[in-house]
Amino acid sequence: MVAHLVRLKLTLLRNGFKRSPWQLVGVILGGLYALGVLVLLIAGLILLATHEPGIGRMAVILGGAAAFLGWALIPMVATGVDMTLDPARFVAFAVPMRQLLLGLAIGGVIGIPGLVTLLAALGQAAMWWRQPVAMVAAIPCAAVAVLTCIALSRLTTSASTTLASSRRFKDLSGIIGIIPLMLLGPIIIGVTEGLQSSRDFLPSLADTLAWTPLGSIWAVPGDLALGNWGVAAARFAIGVAFLALIAWLWKISLARALVTPPYNSVTRRAGGRLGFFSRFPATPAGAVAARALTYWFKDPRYGASLISVPLIPVVMFFAFSQGGDFGFMMWLGPIMAFLLAFGISADISYDNTAFALHLTTGVSGLADRAGRVLACAVFALPVTLVFAVVPFFWLGSWELLPGVLGLSLGTLLTGFGLSSVVSARYTYNVPLPGESPFKTPPGSTTRMMIVQMGGMAVQLLLVLPEAGLLLAAMLTGNAIWSWAALAVGLVLGAVLLFVGLRAGGKWYDRRAPELLQAVAVNK
């Protein structure tokens with residue numbers, strides 16, 4: 001049965017490659033990236049071998065503890081990333097628990113993250129080549145560590161199965177989960193500055209983690225290299241006991257998930273509330289706008305984009321405000337307009353099979369394009385104006401405000417027009433409705449990158465006129481160039497929006513059935 005589960009994992013991966021060549025390309029690119037990371041890790045470990053054992057021991061403990069936390073937490077904030085051996089799929093099969101646990105554990109190693117973790121854990125043995133006892137002990141310790149990583153990820157997956165079946169939990173976890181990812185740069189900067197101010201912090205942290213389940217198994221080879229045999233034995237016992245505890249908890253949670261499968265409760269709400277549909281005109285474009293705006297505020301795939309808006313200034317503050325220079329704030333308006341306008345470039349892809357509603361009701365391409373633009377403009381226009389105007393209360397230089405407004409509004413209008421064409425012409429796989437915004441569907445990475453990068457490059461080219469006029473105003477100090485940028489941004493942006501709506505509408509009318517077929521494949 002264990003071998004059958006492993007073969008099932010391999011078969012599912014192989015069939016995924018046959019289904020879409022883009023998935024194979026994505027796996028190859030991901031494998032090359034992982035190989036590069038692995039080479040850097042192994043090289044770093046070998047380099048540490050030239051230093052005293054205490055330094056290498058500290059690095060291994062800190063890195064190993066981070067790996068444990070990553071394997072435990074990522075499944076909680078990225079539900080659905082790898083569900084090829086989802087425990088919920090075995091509810092109807094009488095698979096013995098012990099064999100199911102072992103099969104799922106081995107299957108968890110099959111994949112880029114599992115293989116990288118396994119090879120990196122085994123690679124730490126090379127760091128102790130000067131201490132043969134430590135090098136030999138590093139191999140079983142690596143096996144225990146890798147099994148602990150897999151067990152931690154499976155425990156959090158099975159324990160959250162019931163919660164993951166809740167739509168509200170999915171929505172909140174998907175939206176909130178993007179916050180630490182967006183703030184990863186500032187967090188790293190803050191931690192780095194804190195560590196630089198205290199050189200003794202890392203060694204003391206490693207010594208503390210060495211007596212906890214997060215770092216005990218990783219500290220064993222280093223303790224042996226330092227001659228602390230008794231301490232090494234005690235910490236090895238802690239690591240093995242932690243693995244046994246995690247496996248036992250995983251068994252309990254998995255048994256509960258298999259015996260009592262999750263269900264979705266029906267929420268009762270009072271009728272008569274039309275939401276956004278009561279606030280838009282009863283026209284095809286108004287209906288599309290109301291539906292699209294409902295998605296923006298209730299679909300976590302769209303909500304992740306909205307919650308990132310207030311985080312962008314925070315990231316830019318930590319990245320560009322060194323030395324007290326806040327000139328970057330002048331570009332917040334154009335950046336927000338650029339990102340928000342291009343946010344509707346995959347609207348039809350996000351519709352999935354619900355796009356059939358547009359076809360069956362006979363919505364014209366122009367009405368569809370205009371409705372989606374109107375929905376995004378409801379919040380994109382105020383956000384763009386706020387981020388374009390408010391920074392000047394700190395920066396001064398009010399003579400540049402018209403130019404910044406022109407560039408911001410021109411970027412927004414131009415982006416709306418371009419997105420109206422892109423979403424009607426190019427589709428790619430996106431997370432399905434109800435799935436985590438972090439999930440990367442098979443075969444979508446390369447095509448998505450090409451479409452998005454190409455579309456953004458075209459958008460940058462289309463806003464060069466107003467950007468050039470704003471640059472002239474900044475270099476010459478003549479306000480006439482700033483007002484010219486405002487005029488060009490409004491006029492050129494409006495023209496490009498009109499052209500984009502018309503062209504996108506024609507593409508929509510011409511290939512609407514093909515669009516439905518393309519987006520319905522990913523289901």
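Index from 1, following the sequence.
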**Q.** Audit row: Leu400, Phe392, side chain to side chain contact (heavy atoms under 4.5 Å, CB included) steps and yes/no
**A.** CA-CA 9 Å; Leu400 297 177; Phe392 283 92; 4.0 Å; yes

Q) How about Phe276 and Arg291: do any of their side-chain heavy atoms sit closer than 4.5 Å? A) no

Q) Mind checking what makes side-chain hydrogen bond (donor to acceptor under 3.5 Å, both in side chains) contact with Tyr426, not counting sequence neighbours? A) none

Q) Restricting to pairs with a member in residues 478-490, which pass side-chain hydrogen bond (donor to acceptor under 3.5 Å, both in side chains), not counting sequence neighbours? A) none

Q: Would you indicate whether the side-chain heavy atoms of Leu486 and Leu401 approach each other to under 4.5 Å?
A: no

Q: Check Gly403 against Ala485 and note the closest heavy-atom contact, atom names and distance.
A: CA-CB, 3.8 Å

Q: Would you indicate whether Leu69, at its atom CG, is surrounded by more than 12 heavy atoms from other residues, nucleotides or ligands within a distance under 6.0 Å?
A: yes

Q: Just grab all the ring-ring contact (aromatic ring centres under 6.0 Å, His included) pairs involving residues 353-377, residues at least two apart or on different chains.
A: Phe355-His358, Phe355-Tyr508

Q: Kindly compute the distance separating OG1 (Thr384) from CG (Leu409), expressed to the nearest 0.5 Å.
A: 7.0 Å

**Q.** Test item: Phe338 and Val463 side chains (from C-beta on) under 4.5 Å apart, heavy atoms
**A.** no

Q) Does a side-chain heavy-atom distance below 4.5 Å link Leu407 with Trp331? A) yes

Q: Using ring-ring contact (aromatic ring centres under 6.0 Å, His included) as the criterion, list what pairs up with Phe379, not counting sequence neighbours.
A: Trp296

Q) Ile344 versus Ser423: any side-chain heavy-atom pair under 4.5 Å? A) no

**Q.** Rounded distance (nearest 0.5 Å) linking atom CZ of Phe280 with atom CG of Leu374
**A.** 5.0 Å

Q: Could you grab the distance from atom CG of Leu497 to atom OG of Ser420, nearest 0.5 Å is fine?
A: 6.5 Å

Q: Drop me the distance from Leu366's CG to Asp509's CG, to the nearest 0.5 angstrom.
A: 8.5 Å

Q: Return each pair, listed once, that meets side-chain hydrogen bond (donor to acceptor under 3.5 Å, both in side chains) where at least one residue sits in residues 450-471; pairs must be two or more places apart or across chains.
A: Tyr428-Gln452

**Q.** Donor-acceptor pair, side chain of Ser153 and main chain of Trp71, under 3.5 angstrom
**A.** no

**Q.** Spatial distance of atom CG (Leu340) from atom OG1 (Thr411) [nearest 0.5 Å]
**A.** 11.5 Å

Q: Check whether any side-chain heavy atom of Ile246 sits under 4.5 Å from a side-chain heavy atom of Phe68, and report yes or no.
A: no

Q. Does a side-chain heavy-atom distance below 4.5 Å link Ser397 with Glu399?
A. yes

**Q.** Considering all heavy atoms, the nearest Ala287-Phe277 contact
**A.** O-CE2, 3.6 Å

Q. Mind checking whether Val404 and Leu470 have side chains closer than 4.5 Å, heavy atoms only?
A. yes

Q: Nearest 0.5 Å please: distance from the CG atom of Leu464 over to the CG atom of Leu469.
A: 11.0 Å

**Q.** Nearest heavy-atom neighbours spanning Leu515 and Ala424
**A.** CD2-O, 3.6 Å

(Q) Can you pull out every salt bridge (charged side-chain N to carboxylate O under 4.0 Å, His left out) where at least one residue sits in residues 364-375? Sequence neighbours excluded, please. (A) Asp347-Arg372, Asp351-Arg372, Asp368-Arg372

Q: Work out which heavy atom in Ala377 is nearest to a heavy atom in Pro382; give both atom names and the distance.
A: O-CD, 3.7 Å

(Q) Minimum heavy-atom separation for Phe416 and Ala380, please, with both atom names. (A) CZ-CB, 4.1 Å

Q.
Taking CZ in Arg502 as the centre, count heavy atoms belonging to other residues, nucleotides or ligands within less than 6.0 Å. Is the count above 12?
A. no

Q | Heavy-atom pair with the smallest gap, counting every atom of Val421 and Ala503 | A | CG2-CB, 4.0 Å

Q) Would Leu405 and Leu385 satisfy side chain to side chain contact (heavy atoms under 4.5 Å, CB included), going step by step from the backbone distance to the final call? A) CA-CA 7 Å; Leu405 279 174; Leu385 291 175; 4.0 Å; yes

